[in-house]
Asker: 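Sharing a structure below in structure tokens format, with a few things to ask.
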Amino acid sequence: MKKALTIAGSDSGGGAGIQADLKTFQELEVYGMSVITAVTAQNTRGVQGVFPLGPEAVSRQLASIAEDMGTDALKTGMLFDSGIIEVVAEKIKAYHWEKLVVDPVIIAKGGETLLQKEAVKALKSQLLPLAFIVTPNLPEAEKLAGMPIRNTDDMKEAARIIADCGPRYCLIKGGHHESSPVSSDLLFDGANFYEYTAKRYVTKNTHGTGCTFSSAITAELAKGADIFAAVSTAKAFITAAIEDGIQIGHGHGPTNHWAYQKRRMNNR
Ligand SMILES: Nc1ncnc2c1ncn2[C@@H]1O[C@H](COP(=O)(O)OP(=O)(O)OP(=O)(O)O)[C@@H](O)[C@H]1O
Ligand SMILES: Cc1ncc(CO)c(N)n1
């Protein structure tokens with residue numbers, strides 16, 4: 001069985017972070033492993049507390065996996081600060097882990113800080129050069145590229161600037177473009193742009209969409225898919241998960257990780 005690793009924060013509410021990643025790995029039939037960077041007290045209403053574990057705890061978890069199991073692909077989500085980024089980058093290089101998906105988590109949907117301000121520089125200079133693909137949402141792309149994004153031309157310019165940091169592919173997600181009838185993501189391979197478009201659903205149950213999407217890409221890469229097939233399957237997975245979003249809690253409910261496989265079973 002192929003293996004996938006997530007290096008991310010825990011979401012007690014179960015919709016984002018490590019929990020979303022492991023549910024996605026399971027649904028896409030890869031063996032899921034996790035390195036926890038921080039524990040968040042979180043629910044559908046927002047983030048009530050953040051408790052980082054620190055570089056040593058992260059380093060030891062990574063070593064446990066590397067020395068025994070290894071991985072076929074991996075992703076990073078919430079990394080909290082530059083100390084954790086440094087150790088993650090150092091270990092990824094030392095273990096020669098190549099299929100790296102970097103989801104540059106900076107702020108939660110409710111506006112809470114998940115990456116310290118000082119750490120954006122380390123993310124760009126230490127982790128992005130190791131990435132096979134980086135998957136910023138629109139506000140994250142603005143921060144990484146250092147420019148406002150108002151339209152598709154801006155998205156393309158930002159993708160070029162982010163690609164200059166060294167990732168093989170850059171995928172800017174259009175989920176935050178709420179006035180559009182579609183949800184369109186733009187993949188840049190250093191030369192050409194490819195658009196992945198799906199219907200936009202009007203729903204408040206979008207907690208953890210980015211985590212789910214990037215872990216679906218990671219699962220597909222672990223199974224040997226090329227980047228275009230991996231993004232395409234991940235887009236179908238997240239679109240189904242959003243369409244069947246779960247009404248749990250009083251705020252932004254989670255997406256439904258089972259929806260994609262349920263549809264496939266029904267279409268048999
Ligand atoms: N309302 C929606 N309907 C359909 N697709 C959506 C919707 N919102 C987001 N998406 C898609 O979900 C995926 C994740 O994008 P999004 O921009 O929401 O990530 P994100 O902001 O990083 O998520 P989060 O921070 O909550 O984890 C993208 O493919 C995006 O196009
Ligand atoms: C732990 C965690 N990681 C990522 C996100 C971004 O959705 C979140 N809300 N919580």
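Atoms within a ligand are numbered from 1 in the order they appear, just like the ligands themselves.
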Asker: Give me the residue, atom name and distance of the protein heavy atom closest to atom 5 (C) of ligand 2.
Answerer: Leu114 CD1, 3.6 Å
Asker: Among all protein non-hydrogen atoms, which one is nearest to atom 1 (C) of ligand 2, and what is the separation to 0.1 Å?
Answerer: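 Atom 1 (C) of ligand 2 sits closest to the protein heavy atom Gly9 O, 3.4 Å.
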Asker: Salt bridge check, Asp72 against Lys99: does any charged N sit closer than 4.0 Å to a carboxylate O?
Answerer: no
Asker: Does one side chain, of His250 or Asn43, offer a donor that lies under 3.5 Å from an acceptor on the other?
Answerer: no
Asker: Could you work out, for atom 7 (O) of ligand 2, the closest of Gly46, Cys211, Ala108, Ser214 by heavy-atom distance?
Answerer: Cys211
Asker: Considering only heavy atoms, which protein residues lie less than 4.0 Å from any atom of ligand 1?
Answerer: Lys109, Asn137, Lys173, Gly175, His176, Ser183, Asp185, Lys199, Arg200, Tyr201, Thr206, Gly208, Thr209, Gly210, Cys211, Phe213, Lys235, Ile238, Ile242
Asker: Is the shortest distance from a Lys or Arg side-chain nitrogen in Glu56 or Arg60 to a carboxylate oxygen in the other one below 4.0 Å?
Answerer: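 Between Arg60 and Glu56 there is a salt bridge, with a charged N closer than 4.0 Å to a carboxylate O.
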Asker: Checking contacts here: is it the side chain or the backbone of Val47 that comes within 4.0 Å of ligand 2, counting heavy atoms only? Could be both or neither.
Answerer: neither
Asker: Between Arg168 and Asp189, is the closest basic N to carboxylate O distance under 4.0 Å?
Answerer: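 Here Asp189 does not pair with Arg168 in a salt bridge, since their nearest N and O are not under 4.0 Å apart.
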Asker: Compare all side-chain heavy atoms of Gln19 with those of Ser10 and state whether any distance is below 4.5 angstrom.
Answerer: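 In short, these two side chains touch, coming nearer than 4.5 Å.
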Asker: Is it the side chain, the backbone, both or neither of Gln42 that has a heavy atom closer than 4.0 Å to ligand 2?
Answerer: side chain
Asker: Among Ile, Leu, Val, Met, Phe, Trp and Tyr joined by side-chain contacts under 4.5 Å, find the other residues sharing a cluster with Ile246 and list them by chain and number.
Answerer: Ile248
Asker: Take a 6.0 Å sphere around NZ of Lys223 and say whether it holds more than 12 heavy atoms from other residues, nucleotides or ligands.
Answerer: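 Result for NZ/Lys223: enclosed.
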Asker: Kindly say whether Thr135 contributes a backbone atom to a donor-acceptor pair with the side chain of Lys173 at under 3.5 angstrom?
Answerer: yes
